[in-house]
2 protein chains.
Amino acid sequence: MNEQRQQATRQHTCERCPLRPLPIFREFAESELDFVASFKKGELTAERGASVLIEGSHNAHLYTVLSGWGFRYKMLRDGRRQVLNYVMPGDLIGLQGTLMGEMQHSVEALSPLLLCVFERSKLDQLYKCHPGLAFDITWLAAREEQMLDENLLSVGRRTALERAAFLIASLTMRAKAVGLNGNAAVGLPITQQLVADTLGLSLVHTNKTMRKLADRGLIRWRDRGCEVLDLDRLRDIAHSEFPAETKRPLV
Amino acid sequence: MNEQRQQATRQHTCERCPLRPLPIFREFAESELDFVASFKKGELTAERGASVLIEGSHNAHLYTVLSGWGFRYKMLRDGRRQVLNYVMPGDLIGLQGTLMGEMQHSVEALSPLLLCVFERSKLDQLYKCHPGLAFDITWLAAREEQMLDENLLSVGRRTALERAAFLIASLTMRAKAVGLNGNAAVGLPITQQLVADTLGLSLVHTNKTMRKLADRGLIRWRDRGCEVLDLDRLRDIAHSEFPAETKRPLV
DNA sequence: CGTTCCGTTGACCTCTATCAATTTGTGTGG
DNA sequence: CCACACAAATTGATAGAGGTCAACGGAACG
């Protein structure tokens, strides 16, 4: 909630981007790298619980997550909240606000979050001079849409247990793809309240559902987070496709 | 379901696009119009019930809806279906499949549907030579994402009655913006089964919910569709923002 | 060492799903 | 123009999933 808990710094140069070397991201041309370096305006840090973007505001910046976790959500006036998706390293956020003016959703940090900040005013130049990068941005938007489709299917048509398993499994796989938590058992920095608001369930029922998964030895709650013990069986319960993550762009 | 019921034709030139003159769409530069005319490969017709795009297939074309209604959906293996969004004139479809290969959702016609077909192979050229159009495509993708966010909020956190009112109201407003049904009472070419699969409810409960709206004189079912009688009160029940539709691109 | 956050549980109740007909509207062939 | 066939809307009865309320316990924090 506190925007104050954000800090601007400038530490990572694009040439030494800690993310780009990961095998999941596509190669960059020299000229693209140069441009992105100039496109990057600085960095922003947000601690756990801090708001990065706020529904209704007019923040025109564009960000790429360098490290950490966050989530995107919308709220109704009476306080009901729906988590739309989670953000993790390599994800682009703020595109809607950048293109269409007012933000229609908020983003909050789930862990200390490090963001690259891009200059909106240079976006036109990006589209003019670097069609490959422009294509990448569209690609990332389409990927976000795909994840939302899947979440909507989940909330609309899967049972509580399926939804829960699907959420945990897909977050885990996304996290692994960008090297979060290394090889250790993946721990998701989420609370059951957050899961409830993601799955469209009440907190109590979410707890009972997660308990079932825990009783079967698939997950465990500890250290303010969820530890995944048996990804394969979670995927079975979700009985979903989970296509392999393909090479993707990183702006 | 029948792909056979699709026909390729070529009747509308981009210069005389029936959609572009509408006030909701942004102006086009001469050069952009020329390019789009060459980008357009032909037209495709689909009758009510015909599949335009199929989940799991590799159709790499991109389409813009010229006239008619359709819907985008996903299915689980056991038959459960979730409608993700509706498509109407001016909407771009097939972007996910074009960019990422395999389609992750299907699109079916709700009424006779007329589509402009674009050539995937020229998309690179579009990004290279017409950054304004590239930007437009990204813009449309972001808009789709925004609508999905709203639908997810609805299915996850709104009550059945709110969801129903929200759906009918937002479809009506979108239809009006692109001049569907002219000034006449707007009629939505949807069935209650479709509404059920959109709202994440059962058919029976959807019927009872719609009945409440009908009893209050807000809608009426007739002619295989839903007639909207009192848009304002529907919006009240949905108690949602409904920002005015701004000028938007049309590719 | 109290406070706060978060996970956990049991009791109870409501909303929504399911089942099973029935009715109404539309399209078709006679 | 009528009868039949089928799609879609309705409705009542019953069951089950999930919501709400209220407490409690453990762990992190100041």
Side-chain angles (χ1 to χ4, degrees), chain A residues 1 47-49 76 78-83 108-111 154-165 167-168 187-216 218-227 237, chain B residues 1 47-49 71 76 78-83 108 110-112 154-165 167-168 187-216 218-227:
Chain A
M1 299 294 282
E47 357 173 327
R48 176 188 166 92
L76 292 171
D78 61 11
R80 284 175 284 177
R81 180 176 73 163
Q82 177 65 42
V83 174
E108 183 176 318
L110 268 177
S111 72
S154 214
V155 174
R157 287 305 185 205
R158 278 192 249 254
T159 66
L161 194 69
E162 289 170 346
R163 285 182 223 184
L167 174 66
I168 303 297
L188 311 174
I190 53 180
T191 65
Q192 294 191 356
Q193 180 62 66
L194 198 67
V195 172
D197 289 341
T198 307
L199 304 183
L201 300 170
S202 72
L203 174 59
V204 174
H205 197 255
T206 296
N207 175 277
K208 287 170 181 168
T209 304
M210 293 313 246
R211 194 95 284 285
K212 281 186 193 168
L213 294 179
D215 288 343
R216 297 186 194 180
L218 311 184
I219 60 171
R220 178 164 41 180
W221 290 89
R222 44 153 43 181
D223 295 339
R224 299 179 161 275
C226 176
E227 188 179 334
I237 292 176
Chain B
M1 298 297 282
E47 354 172 331
R48 176 188 166 92
F71 64 99
L76 293 172
D78 62 10
R80 284 175 284 178
R81 179 176 74 164
Q82 177 65 41
V83 173
E108 183 176 319
L110 269 178
S111 72
S154 213
V155 175
R157 287 306 186 204
R158 279 193 249 254
T159 65
L161 195 69
E162 289 169 346
R163 284 182 224 185
L167 174 66
I168 302 297
L188 310 174
I190 53 179
T191 66
Q192 295 190 359
Q193 180 62 67
L194 199 68
V195 172
D197 288 342
T198 308
L199 304 182
L201 299 171
S202 72
L203 173 59
V204 174
H205 197 253
T206 296
N207 175 277
K208 286 169 182 168
T209 303
M210 294 312 247
R211 195 93 286 285
K212 282 186 194 167
L213 293 179
D215 287 344
R216 297 186 196 180
L218 311 184
I219 60 171
R220 178 166 40 180
W221 290 90
R222 41 152 44 179
D223 297 338
R224 298 179 161 275
C226 176
E227 187 180 334

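Bear in mind that the values here come from a model prediction, so they are computed numbers and not experimental data. Below, each value reflects all heavy atoms present in this structure, side chains not excepted, and no hydrogens, waters or symmetry copies. To find a chain, count down the sequence lines: A is the first, B the second, and so on, and within it residues start at 1.
- Of all nucleotides listed (D:dT20, C:dT26, D:dA13), D:dA13 comes nearest to the side chain of B:K208.
- The listed nucleotides are D:dG18, D:dA8, C:dT8; the one nearest the side chain of A:H205 is D:dG18.
- Comparing the helix axis at one end of the helix from C:dC1-D:dG30 to C:dG30-D:dC1 with that at the other, each defined from 5 consecutive pairs, gives an inter-axis angle of 40° (nearest 10°).
- The distance between atom CZ of B:R48 and atom C1' of C:dT26, rounded to the nearest whole Å, is 11 Å.
- Put simply, the side chain of A:D215 does not reach to within 4.5 Å of the side chain of A:K212, judged on heavy atoms.
- The side chain of A:R211 approaches C:dT8 more closely than any other nucleotide in the set C:dC6, C:dA17, C:dT8.
- Of the candidate nucleotides C:dT16, C:dG7, D:dT20, D:dT20 has the atom nearest to the side chain of A:V204.
- Nearest to the side-chain atoms of B:W221 among the listed nucleotides D:dG18, D:dA8, D:dA9 stands D:dA9.
- Between A:S202 and A:D223, it is A:S202 whose nearest contact on DNA chain D lies nearer the 5' terminus.
- Nearest to the side-chain atoms of A:T191 among the listed nucleotides D:dT20, D:dG18, C:dC6 stands C:dC6.
- Rounded to whole angstrom, the span from the CD atom of B:Q193 across to the C1' atom of C:dA17 amounts to 13 Å.
- If you measure from atom CG of A:L201 to atom P of C:dT14, you get 20 Å, rounded to the nearest angstrom.
- Spacing between atom CD1 of B:I219 and atom C1' of D:dA8 amounts to 14 Å, rounded to whole angstrom units.
- For the pair B:L203 CG and C:dA21 C1', the computed distance is 14 Å after rounding to whole Å.
- Residue-level contact check: A:G225 touches neither bases nor backbone, having no heavy atom under 4.0 Å from any strand.
- Between the CZ atom of A:R157 and the C1' atom of C:dT16 there is a distance of 11 Å, rounded to whole Å.
- For the side chain to side chain donor-acceptor pair (under 3.5 Å) criterion with A:Q192, the lone passing option out of A:T206, A:N207, A:T209 is A:N207.
- Using a 4.5 Å cut-off on side-chain heavy atoms (C-beta onward), B:E162 and A:R80 make contact.
- Considering only heavy atoms from C-beta on, A:L194 comes within 4.5 Å of A:L110 through its side chain.
- With distances taken from any side-chain atom of A:R224 to the nucleotides D:dA8, D:dG18, C:dC6, the minimum falls on C:dC6.
- The shortest side-chain heavy-atom distance between B:I168 and B:L188 falls under the 4.5 Å cut-off.
- For the pair A:R157 and B:D197, the salt-bridge criterion is met [side-chain N within less than 4.0 Å of a carboxylate O].
- Rounded to whole angstrom, the span from the CG atom of A:D197 across to the P atom of C:dC6 amounts to 12 Å.
- If you measure from atom CG of B:L199 to atom C1' of C:dA17, you get 15 Å, rounded to the nearest angstrom.
- Heavy atoms only, all atoms of each residue included: A:A109 and A:E47 are closest at CB-O, 3.3 Å.
- Between B:S111 and B:R48 there is no side-chain heavy-atom pair separated by less than 4.5 Å.
- Closest approach to the A:Q192 side chain among D:dA28, D:dG18, C:dT8 is made by C:dT8 (side chain taken as heavy atoms from C-beta onward).
- Closest approach to the B:N207 side chain among D:dG18, C:dT16, D:dA9 is made by D:dA9 (side chain taken as heavy atoms from C-beta onward).
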